[in-house]
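Notes follow once the structure below has been shown.
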Amino acid sequence: MEKQEILERLNEEQREAVVATEGPVLILAGAGSGKTRALVHRIAYLIDVTGVSPGHILAITFTNKAADEMRSRVDDMIGFGSQEITVSTFHSLCVRILRRNAELLGFTRYFSIYDTDDQLSLMKSILRQKNLDPKMIREKAVLGRISSAKDELVTPEKYKMLNTDYYGKRVGELYEAYQTKLLENNAMDFDDLIAKTVELFEKHPDLLEVYQERFRYMMVDEYQDTNTAQFRLVSLLAEKYRNLCVVGDDDQSIYKFRGANIRNILGFEKVFPDAVVVRLERNYRSTKHILEAANEVIRHNHGRKDKRLWTENAEGAKVKLRRFLNGFEEAGYVCGEISREVRSGKRRYRDYAVLYRTNAQSRLFEEKMLMASLPYRIVGGINFYSRREIKDMLAYLKTIDNARDDLQVMRIINIPKRGIGAATISKVLSYAEAGGISFFEAACSAGEIPGLSASAAKKLTGFTDFIAVLRARAEGRKISELLKDVTTETGYVDELEKEETEEAESRIENINELISKAVQYEEKEPEPTLSGFLEEVALIADIDTVETGDDRVLLMTLHSAKGLEFPSVFMTGMEEGLFPSSMSINAERPEEEIEEERRLCYVGITRAKESLTLTAARERMIRGEVTASPLSRFVREIPRELVDLGEENAVPMSGRVLNLSGRGADAGMRDAILGGARKSPVRTAYQNPYKKAAVPMSSIQKAKPAFEAGDTVRHVKFGEGTVLEIKDGGKDFLVTVDFPGWGVKKMYASFAKLKKI
DNA sequence: TATATAGTGTTTTTT
DNA sequence: ACACTATATA
C-alpha cells in the first residue's frame with residue numbers, strides 16, 4: 001500500500017503515531033480512539049513505506065483473540081507477509097522462547113505449564129512435607145506472595161533477604177522449596193514464563209542479542225497493564241534498537257492485583273526522555289452522553305494523566321438507571337429488555353453485553369436467560385479446562401509428555417480407582433525422596449520399596465506399565481487418538497457411564513469436547529506436538545474462544561470486557577460493597593483500590609456504543625445472607641442530566657457528588673438515594689415501591705407445575721416417566737421423576753419443561 | 001481403603 | 001450457599 005493511501009485513512013494524531021517509526025513512542029490512547037487501527041496502520045507503514053521486513057516486527061497484545069484480530073487486519077492491508085510478523089501475548093511469546101532454550105535453565109523442552117490448580121496442589125504437598133499446618137499458613141496466601149515476588153522479579157534468595165519477619169521468612173522458605181519442586185517436576189507456572197525468560201536473557205546475552213536482532217521493531221498494546229517483569233523483558237529486547245512503541249491508557253489500568261505497574265506508563269517518558277508522545281483523545285465509539293458519563297466518573301481519580309475524550313458522534317440516549325428489589329428482579333429486567341428489543345427488530349442478541357463485577361453474579365442471569373430462552377454465552381467463570389474430568393485427562397497427557405511431572409502422576413495414579421491409597425503413595429514418596437528419584441521412577445521399581453505389600457506393589461507396577469505402554473505408543477500417534485486411548489483404556493468413561501447421572505453425562509460430553517479440541521488443533525497446526533497442544537490448552541483464555549459470528553448475548557466480568565465494544569451494554573450490580581467491592585472499601589489503602597475500581601467502571605462505560613443501562617439491586621444475597629445494598633458511588637458521580645431514571649423509578653439524584661460520610665446538608669438526599677440502608681449487613685423488610693419494574697419475568701420465575709406426584713409426564717430427552725415427588729426448592733420447584741430405562745432424575749420444573757400426559 | 005457425614009471457611013478481578 | 005476437609009465407620 002502506498003504511503004498516501006495509508007495516511008489518508010487516519011486522523012492527525014493517529015498519523016503522528018504511524019509515522020514515528022524510529023525510537024521510543026508512547027501512544028496515550030483513550031477508549032475507543034482507534035488505537036488498534038493506528039497500530040495496524042503503523043505495521044503496514046513499517047513494511048510498505050519504511051521497508052522493514054515483516055520478520056523484524058513484534059507486536060504484543062493482551063489476549064490471543066486480540067492477536068488474531070490484529071494479524072488478520074494487517075493481512076487485509078498488506079496482502080502477504082503478515083505470517084512473518086510475530087503477533088503474540090506475553091505468555092505465548094515467552095513459552096516459544098523458553099521451549100527452544102529450556103535446557104539452559106535446567107528444564108527440558110517438554111516442560112509443563114502449571115495453572116492455579118496445579119500451583120495449589122504443589123504448595124499443599126510442600127506444606128505436608130514440611131509438616132506445616134495449612135490452617136496457620138494458607139497456601140493461597142503464600143502463592144499470592146510468591147506470585148507478586150515473581151512479578152517484581154524477586155528471586156527466593158532476594159525474597160529471604162528482603163523479608164526477615166517471621167511470616168516473611170516462612171514464605172521465603174516455601175518459595176524456595178516451591179521453585180525446587182517446579183524444577184524437579186520440569187514445570188513452570190504462569191509467572192515463571194515471564195520471569196524465566198528474563199532470567200534466560202540476563203544469563204545469556206548472546207541469546208538476547210539474537211532476539212534483539214530479530215525483533216527490531218516492537219509494539220506493546222495495553223501497556224498500562226504490564227508488570228515489572230514484563231517491562232524488564234520489553235526493555236531488554238528493545239535495548240539495542242530502541243524501536244519500542246507502547247500503547248495504553250492509564251485510565252484503563254485494572255490489573256494491579258496481578259502486578260500491573262501503573263508507573264510503567266506514567267513514567268515511560270522518564271525512562272525514555274526522547275520518547276515521542278502521541279495522544280489519541282477523539283473517540284469514535286460512543287455517543288456523547290455515554291462518553292460524557294465516562295469522563296465525569298473518571299474525573300474523580302487523582303494521579304492520572306489529564307485528558308478528556310471528545311466525540312463527533314450523536315448525542316444519543318441518556319444513560320439508563322434502574323433499581324430493583326433484588327438480583328432476581330434485576331436479571332429479569334435485563335432479560336426482558338433484551339428480549340423485547342430483539343423481538344421488535346431493533347437489535348440482535350450479539351449486540352448486547354451484560355457486565356458484572358464478580359463471576360458469582362452470572363448465575364442469576366444464566367437462570368433467567370435459560371428460562372426466557374435467550375441465547376447467551378458466559379465468558380470466564382469456571383474454565384472448561386479446570387473441570388475435574390478435563391484436568392484428569394490432561395494429567396494423563398502431561399504424564400505421558402513430561403516424564404518428570406510427578407504432580408500429574410500423583411493426580412491420576414488412583415483415578416479411576418486402582419486400589420492405590422494414601423498409605424501406599426506415602427511409602428512410594430518417601431522411597432523416592434530417600435533415593436533422590438522421581439515419584440514415577442520409584443513407583444516403577446515398586447518391588448524394591450520396603451514395607452509395601454506384594455499386592456500394592458503389583459497395583460503400582462500395573463499403573464506404571466500402563467503409562468509406559470501409552471508413552472511408547474505416543475510416538476507417531478495422533479494426539480486425539482492417544483486421548484481416546486486414555487479415555488477408554490483407563491476405564492474412565494466406562495465408570496462415568498455406569499453412574500447414569502446427568503452430571504456424569506455432562507462430564508462425558510466434556511471429554512468428547514476435549515477430543516474434538518485435539519482434532520481441531522491437529523488440523524490447524526502444521527506440526528502438531530503433544531507439548532504444543534497442552535500449551536495451547538494452558539494459555540487459552542476464555543475470551544479467546546468466543547465465536548464472533550454467534551448471535552448470542554455475552555455475559556462477562558468487567559475485566560473480561562476490556563478491549564471489546566457493544567451497541568448496548570448493561571452494567572449490573574452497581575452497588576456499594578459489590579462495585580466498588582467491599583474488599584477495596586475496607587482495604588488498608590482504600591483510596592488507591594477504589595480508584596482502581598473506578599477505572600474498571602470507566603472501562604465498563606466505555607464499552608457501550610449506543611446504549612448504556614446501569615442496574616442495581618436494593619438487597620442482595622451474599623454468602624447466604626441478605627444484605628442491603630446502597631447505590632454505587634460511581635453511579636452518583638454521573639451528573640443528573642445525563643441520567644434517565646425511568647418513569648416509575650424516579651429516585652432523587654444529585655448533579656454533584658454527595659457528602660456521604662457525615663451528616664451535613666446531604667443527609668436527607670443521601671437517605672433518599674441509599675434507601676436508608678447504610679449499615680450492612682442489615683436485614684430489611686421492605687415494600688416494593690417500583691412495582692412496574694419488578695413485574696417482568698417474575699411470573700415465570702416460580703410457577704407451580706401443572707402436575708403432581710403420581711402423574712405421568714413427558715421429557716424431551718427421557719421420554720415418559722412417573723412423578724415421584726414435587727418439592728418447593730425455594731426459587732423453583734424440584735421435581736423427582738422415574739423414567740423407565742433412564743432411572744430416577746431430579747430436575748427443576750421451569751428448567752425441564754415437563755408435560756403432563 | 002473407601003465412603004458417608006458433619007463441620008468449616010470462603011470469594012474480586014485473570015494470563 | 002456452597003465447596004472442601006476432617007472424621008467416623010464399614
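Letters A, B, ... mirror the listed sequences (proteins, then strands); counts begin at 1. Fair warning: this is a prediction, and the values are worked out from it, not measured in the lab.
Nearest-nucleotide positions on DNA chain B place Ile425(A) closer to the 5' end than the other of Ala541(A) and Ile425(A). If you find the closest nucleotide of DNA chain B to Met583(A) and to Gly419(A), the one lying nearer the 5' end belongs to Gly419(A).
Rounded to whole angstrom, the span from the NZ atom of Lys417(A) across to the P atom of dT3(B) amounts to 5 Å. Atom pair Asn64(A):CG and dT15(B):P shows a separation of 9 Å (rounding to whole Å applied). Atom-to-atom, CZ of Arg620(A) to P of dT12(B) comes out at 16 Å; the value is rounded to the nearest Å. A straight line from CG of Asp117(A) to P of dT15(B) spans 14 Å, rounded to a whole angstrom. Note: CG (Asp189(A)) to C1' (dT14(B)) measures 14 Å, nearest angstrom. Rounding to whole angstrom units, CG of residue Leu193(A) and C1' of dT14(B) are separated by 14 Å. Distance, Arg387(A) CZ to dA3(C) C1': 16 Å, rounded to whole Å. Atom CZ in Arg138(A) sits about 13 Å away from atom C1' in dT11(B), given to the nearest Å.
Between Phe107(A) and Phe111(A), the ring-plane angle classifies as perpendicular under the 30° and 60° cut-offs. Using cut-offs of 30° and 60° for the angle between ring planes, the Tyr211(A) and Phe201(A) rings count as tilted. Phe257(A) and His559(A) have perpendicular rings, their planes meeting at more than 60° on a 0 to 90° scale where under 30° would count as parallel.
Residue-level contact check: Ala538(A) touches neither bases nor backbone, having no heavy atom under 4.0 Å from any strand. Within 4.0 Å (heavy atoms only), Lys140(A) reaches sugar-phosphate atoms of the nucleic acid but no base atom. Here Lys459(A) lies out of heavy-atom contact (under 4.0 Å) with every strand.
An OP1 or OP2 oxygen of dT12(B) is reached within less than 4.0 angstrom by no side-chain nitrogen or oxygen of Asn359(A). Applying the 4.0 Å criterion to OP1 and OP2 of dC2(C), one finds that Arg363(A) has a side-chain N or O inside that range. At dT15(B), none of the side-chain N or O atoms of Thr63(A) fall inside 4.0 Å of OP1 or OP2 (strictly under the cut-off). Side-chain N/O atoms of Arg418(A) include none lying less than 4.0 angstrom from OP1 or OP2 on dT1(B). Taking only side-chain nitrogens and oxygens, Asn414(A) comes nearer than 4.0 Å to OP1 or OP2 of dA2(B). Between Thr424(A) and dT1(B) there is a side-chain polar atom (N or O) within less than 4.0 angstrom of OP1 or OP2.
Here the side chains of Phe579(A) and Leu600(A) are in contact, with some heavy-atom distance below 4.5 Å. The shortest side-chain heavy-atom distance between Tyr255(A) and Thr226(A) does not fall under the 4.5 Å cut-off.
One N or O donor and one acceptor, one from the side chain of Arg357(A) and one from the base of dT13(B), sit under 3.5 Å apart.
A cation-pi contact links Lys562(A) to Phe62(A), judged by a cut-off of 6.0 Å to the six-membered ring centre and 45° from its axis.
Stacking here means ring centres nearer than 5.5 Å and ring planes tilted less than 30 degrees, and by that measure Tyr255(A) does not stack onto dT13(B).
Which of dT13(B), dT15(B), dT1(B) sits closest to the side chain of Phe190(A) comes down to dT15(B).
Checked against side chain to side chain contact (heavy atoms under 4.5 Å, CB included), Asp151(A) has the following partners two or more places apart in sequence or in another chain: Ser147(A), Asp191(A), Asn227(A).
Less than 4.0 Å separates DNA chain B from at least one heavy atom of each of the following residues of residues 558-566 of chain A: His559(A), Ser560(A).
Classification of Asp118(A) and Lys398(A) as a salt-bridged pair holds, one side-chain N sitting under 4.0 Å from a carboxylate O.
Comparing dT11(B) with dA6(C), their C1' atoms are spaced 22 Å from each other, to the whole Å.
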